[in-house]
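Notes to accompany the following structure.
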Amino acid sequence: MRVEGRATKIASDLLAHYDVHARRLPWRAPPGSNAADPYRVWLSEVMLQQTTVAAVGPYYAKFLARWPTVADLAASADADLMAAWAGLGYYARARNLLACARAVAQDHGGVFPDTEDGLRALPGVGAYTAAAVAAIAFGQRAVVVDANVERVVARLFAIATPLPAARPVIRAAADSITPDARAGDFAQAMMDLGATICTSRNPACGICPLRQDCAAVLTADPAAYPVKAAKKARPHRTGHGWWIERDGHVWLVRRPDKGLLGGMRALPSSDWGDAPDPTPPVAARWTTIETDVAHVFTHFSLALRVHHAHVGPDVTPEDEGEWWPIDRIGEAGLPTLFARAADAVRKERQADARN
DNA sequence: GACGCGTGGCT
DNA sequence: TAGCCAAGCGT
């Protein structure tokens with residue numbers, strides 16, 4: 001009788017569970033087929049970076065309908081792609097997505113590289129995404145480590161070293177349980193497990209297919225893994241934005257490619273430091289809306305004070321920008337902060353009109 | 001290794 | 001509710 005090693009048992013237990021319980025997701029090939037399109041896998045993986053499945057769903061559908069192949073995407077205009085990405089966040093991903101599509105089209109004959117190293121060299125493709133695409137789209141054995149896998153592995157092996165120092169240990173442990181066959185399914189099974197059972201808070205250990213394999217479940221608090229270093233407090237900042245209206249149009253600028261909301265259309269705004277009274281882009285009779293727009297970014301929270309004014313037909317701000325029709329503001333591709341500022345102005349107008 | 005980089009859902 | 005968290009990457 002053959003005695004399974006622990007690593008082999010973990011993989012077989014997990015894959016058996018996955019065969020029955022795999023989530024049906026739009027970017028996954030249907031069960032039984034192994035026709036994963038590298039373009040679709042890559043597109044979904046980039047969208048899923050630090051982003052929930054629920055948030056990605058509509059964007060993935062929209063992108064796939066509008067740009068069915070990597071060649072279509074490579075041929076799109078920058079502004080169209082950035083506008084389509086608006087609201088999904090982490091806009092460097094959108095810039096890199098386009099750069100990557102163009103690199104594939106121009107340098108790789110329109111075909112994605114089929115090795116981890118080849119993929120890793122593409123813009124916006126890091127260690128995780130390269131491994132995920134290599135495994136899922138090309139069936140190669142690759143060690144796929146995202147936050148789900150980190151959590152599952154840290155619990156399976158009760159790794160007490162805090163993140164991020166534990167990364168090399170976790171990776172080695174993940175490597176040790178990754179099978180040669182079905183590496184793509186294994187990776188997705190680990191992520192499904194992390195998303196649905198081995199969750200960050202209140203893990204459902206009672207129904208976990210790896211319960212018999214898990215070191216953390218024997219401890220008082222399995223959810224204590226992975227151990228994490230303390231986080232820094234998030235500072236608060238105040239900024240100002242200006243809604244400049246002229247004959248049914250509003251003045252929009254394009255933010256610099258680098259930095260926060262890089263490359264996105266936006267209202268003209270101040271630096272978001274602590275400057276008390278910034279100078280408006282044009283001289284006008286400014287009105288300030290009553291309630292600041294509160295918005296939370298990754299590393300600071302912001303109160304955006306929104307000012308609005310009408311200007312005459314001969315007035316144009318000095319800096320570069322464009323007059324955008326207000327009744328089509330939804331098509332401008334404003335990131336969420338400025339979309340909410342625009343909403344705030346519209347609501348105040350409606351309130352004024354009633355008085 | 002640390003930091004900058006969005007947004008929305010959950011507890 | 002205020003913080004935590006999510007299929008990370010580039011610098």
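Chain letters run A, B, ... following the sequence lines, proteins first, then strands; residues in each count from 1. This is a predicted model, so every value here is computed, not measured.
Interface remark: the Thr336(A) side chain does not form any donor-acceptor pair with the dG6(B) base, using a distance-only criterion of under 3.5 Å. Donor-acceptor pairing under 3.5 Å, judged by distance alone, is absent between the side chain of Arg151(A) and the base of dA7(C).
Contact check, His295(A) against dT7(B): a side-chain N or O comes under 4.0 Å of OP1 or OP2.
Atom OH in Tyr60(A) sits about 23 Å away from atom P in dA6(C), given to the nearest Å. Distance, Arg255(A) CZ to dC5(B) P: 9 Å, rounded to whole Å. Distance CG (Leu260(A)) to P (dG10(C)): 18 Å, rounded to an integer number of Å. For the pair Gln49(A) CD and dC5(C) P, the computed distance is 20 Å after rounding to whole Å. If you take CZ of Arg234(A) and P of dC5(C), they are 12 Å apart, rounded to a whole angstrom. To the nearest angstrom, P of dA6(C) lies 9 Å from CZ of Arg201(A). What separates NE2 of His299(A) from C1' of dG4(B) is a distance of 5 Å, to the nearest Å. Distance CG (Leu48(A)) to C1' (dG8(B)): 15 Å, rounded to an integer number of Å.
Interatomic distance, CH2 of Trp243(A) versus CD of Glu348(A), reported as 12.0 Å (0.5 Å rounding).
Rounded to whole Å, the C1' atom of dA2(B) lies 23 Å from the corresponding atom of dA7(C).
Heavy-atom distances to DNA chain C give each of Arg120(A) and Trp27(A) a nearest nucleotide, and the one nearer the 5′ end belongs to Trp27(A).
Two rings, from Phe297(A) and His299(A), have their centers 6.0 Å or more apart.
Using a 4.0 Å heavy-atom distance criterion, Asn202(A) is classed as making no nucleic acid contact. Nucleic acid contact class of Lys258(A) (heavy atoms, under 4.0 Å, all strands): none.
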